[in-house]
Asker: 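I'd like to ask you about the structure that follows.
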There are 2 protein chains.
Amino acid sequence: MSLLVTGSIGIDTVETPYGKRQDVIGGSAVYFAYAASFFTPVRLVGVVGEDCQVDFARLFAGRPVDLAGLERRAGSKTFRWHGSYVQDMNQAVSIQTQLNVLAERAPRIPEGFCASPFVFLANTHPVLQQQMLDCLQLPRLVVADTMNLWIQTERKELLNLLKRIGGLVLNDGEARLLTEKNNLIEAARQVLDMGPRFVVIKKGEHGCLMCSGGQTFVLPAFPADRVVDPTGAGDSFAGGMMGYLATQDDFSAAALKRALALGTVVASYTISDFSLSGLQGITRGDIDRRCEQFQAAMKF
Amino acid sequence: MSLLVTGSIGIDTVETPYGKRQDVIGGSAVYFAYAASFFTPVRLVGVVGEDCQVDFARLFAGRPVDLAGLERRAGSKTFRWHGSYVQDMNQAVSIQTQLNVLAERAPRIPEGFCASPFVFLANTHPVLQQQMLDCLQLPRLVVADTMNLWIQTERKELLNLLKRIGGLVLNDGEARLLTEKNNLIEAARQVLDMGPRFVVIKKGEHGCLMCSGGQTFVLPAFPADRVVDPTGAGDSFAGGMMGYLATQDDFSAAALKRALALGTVVASYTISDFSLSGLQGITRGDIDRRCEQFQAAMKF
């Protein structure tokens, strides 16, 4: 079933121990959409400025990504990010961030997208995330991401959002900040008390954990011997996870667990090259085969 | 089959967010021996000073731990460590370390222990580790631990040791230091080139990975919601792992994988309380049941 994603579209400059790429496509919605499109049709909602040279139709050629919600706004400039992983592959240092069009009004969700059954609200201001929700008609599952900035500055609005979503995806530092619990299982359980039916805590190269109901699920990262560029790993993880869930009839523990494993595997392709290169040229079959390898690497 | 361990026996003072314990039993050989004794008979080789008040026979009462290699040395003082996890449960701050008897000559391996088929050389000077090896008659499997200090100051002797052992257990920081590889899979493969047939990299709360032959195995930590005192986690992990391997006919990938899982589970009991309290009172049945829970928490 259709999966709507709203999030950033950006032009990135990225430096890692493997080199530097200037002005490549990035942004949470782009990584998410590409990753999810291996599983289900995706509806992308995002905004770029008139300076954006990217041919999105070509970027997503052959992939089931509907670009009707992509706005190219006259008079505005595209979001840009310049980051470096040269010192630490687990933590980007932001050299420059130009919000540009992201600091303006949010893009409009096209009429035809409002009944999307599955929705992912990538990280942005929690008021904007709630405005997006207001435009939607009874989605089956809404999952959101967030970040330190909103936890620290917009806690009340974030807590309002949490009451309205089915799942929250966040990283370990954010989970600790949100709950003031150091132990991640305790933190996850406290997030569940805030509203969501499930919470996924991403730990970068250390994998992820999920709590839902009384269940706890843990996964290591896929054991990758070549990490070229970690940019987009978390968004690709969420894309793979949501893409798979959008093909499922229920959100049972079993479905959520397989979704996390597939998200982990898709992210392992993303980080194997710069920008979208690691995802371009792979197939659902490749993902499923690597998922079996992943399973074998943990089996005892 | 019998499993010999040589390592430290210490009197610890430990501070964690859950409180402080003064002058409790600790040391790598003690944690290792207790953990391994759930699986196989253990032979403990270590030395304390005449100041040591611990009744070891009582400490290990009911457990198959042979204390014939435990030396109480007149005129010497017991190793003491005072550490704090108050700021960071993943990294102890050493407030005071008194090597005392550990800075003197090593304890002697009793004649009757020299034919032990399984041997664990806990972290100590690599020359001492090799001297221990010289006393042993063709063990089936020798596994060693090491630390930053020896990697930095005794690299040549450590490399000599690595040529003589079947397995190396070390943590992520040590693996990176030893190999100058940031990626842990690359680091593990490089350790294999130095001699051991398998290498286990411990990542604390993030689990572990193992490389052996062409295989890579990854495990998260057991999802524990109450970590009281991380002291001894790594030694208990190694004890559970080696204890299980000592009951196996081969060191196949399957045996090594189950050994790692059992080590992970035993360590989860250790960290649930101070000193040995988390291990006291549990049974092999408890370990096996938690191992099944662990398996379920990763299954997809």
Side-chain angles (χ1 to χ4, degrees), chain A residues 16-18 85-90 172 181-190 201 203-211 215-228 241 244 253-265 271 291-300, chain B residues 16-18 85-90 172 181-190 201 203-211 215-228 244 252-265 271 291-300:
Chain A
T16 87
Y18 287 86
Y85 297 91
V86 172
Q87 294 306 315
D88 183 356
M89 282 296 253
N90 290 312
D172 45 358
K181 295 282 180 194
N182 190 54
N183 181 287
L184 292 177
I185 313 282
E186 276 192 282
R189 287 188 190 145
Q190 193 158 322
I201 300 181
K203 304 194 292 172
E205 69 158 339
H206 300 303
C208 64
L209 71 87
M210 178 188 74
C211 282
Q215 293 217 41
T216 301
F217 182 49
V218 282
L219 276 186
F222 182 82
D225 58 1
R226 194 179 138 91
V227 178
V228 171
M241 179 189 93
Y244 175 76
L256 288 168
K257 287 169 168 192
R258 180 156 287 271
L260 255 67
L262 287 164
T264 299
V265 166
I271 64 179
C291 198
E292 280 170 35
Q293 287 171 26
F294 185 40
Q295 208 159 27
M298 288 187 290
K299 200 174 171 186
F300 63 86
Chain B
T16 87
Y18 287 86
Y85 297 91
V86 172
Q87 294 305 314
D88 183 355
M89 283 296 254
N90 290 311
D172 45 358
K181 295 281 180 194
N182 190 53
N183 181 288
L184 292 178
I185 313 283
E186 276 191 282
R189 288 187 189 145
Q190 193 159 319
I201 299 181
K203 304 194 293 172
E205 69 158 340
H206 300 303
C208 64
L209 72 87
M210 179 190 72
C211 283
Q215 293 217 42
T216 301
F217 182 50
V218 283
L219 276 186
F222 182 81
D225 57 2
R226 192 179 141 92
V227 178
V228 170
Y244 175 75
S252 65
L256 288 169
K257 288 170 169 190
R258 180 156 286 271
L260 256 66
L262 287 164
T264 298
V265 166
I271 64 180
C291 198
E292 278 171 35
Q293 287 171 25
F294 185 40
Q295 208 159 27
M298 290 187 289
K299 200 174 172 185
F300 63 86

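Numbers restart at 1 for each chain; the letters A, B, ... are given by sequence-line order, proteins then strands.
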Asker: Heavy atoms only, distances under 4.5 angstrom: which of B/Asp225, B/Ile185, B/Leu260 has the most pairs with chain A? Name it, please.
Answerer: B/Asp225
Asker: Quick check: does any side chain N or O of B/Asn183 sit under 3.5 Å from a backbone N or O of A/Ala224, one acting as donor and the other as acceptor?
Answerer: yes
Asker: So, using salt bridge (charged side-chain N to carboxylate O under 4.0 Å, His left out) as the criterion, who are the partners of A/Lys181 when residues are at least two apart?
Answerer: A/Glu186
Asker: The criterion is side chain to side chain donor-acceptor pair (under 3.5 Å); which residues satisfy it with B/Arg258, sequence neighbours excluded?
Answerer: none
Asker: List in chain and number order the residues that pass side chain to side chain donor-acceptor pair (under 3.5 Å) with A/Asp88, two or more places apart in sequence or in another chain; answer none if no residue qualifies.
Answerer: none
Asker: CG/B/Leu219 to CG/A/Leu219 distance, rounded to the nearest 0.5 angstrom?
Answerer: 11.0 Å
Asker: Below 4.5 Å from any heavy atom of chain A, which atoms of B/Glu205 appear? Answer side chain, backbone, both or neither.
Answerer: both
Asker: If the contact rule is any heavy atom under 4.5 Å from chain A, which residues of residues 292-300 of chain B qualify, in numerical order?
Answerer: B/Phe294, B/Gln295, B/Ala296, B/Ala297, B/Met298, B/Lys299, B/Phe300
Asker: Which atom pair, heavy atoms only, marks the closest approach of B/Ala221 to A/Val218?
Answerer: O-CG2, 4.3 Å
Asker: Given the options B/Asn182, B/Leu262, B/Thr216, which has more heavy-atom pairs under 4.5 Å with chain A than any of the others?
Answerer: B/Thr216
Asker: Using heavy-atom distances under 4.5 Å, tell me whether B/Arg226 contacts chain A through its side chain, its backbone, both, or neither.
Answerer: backbone
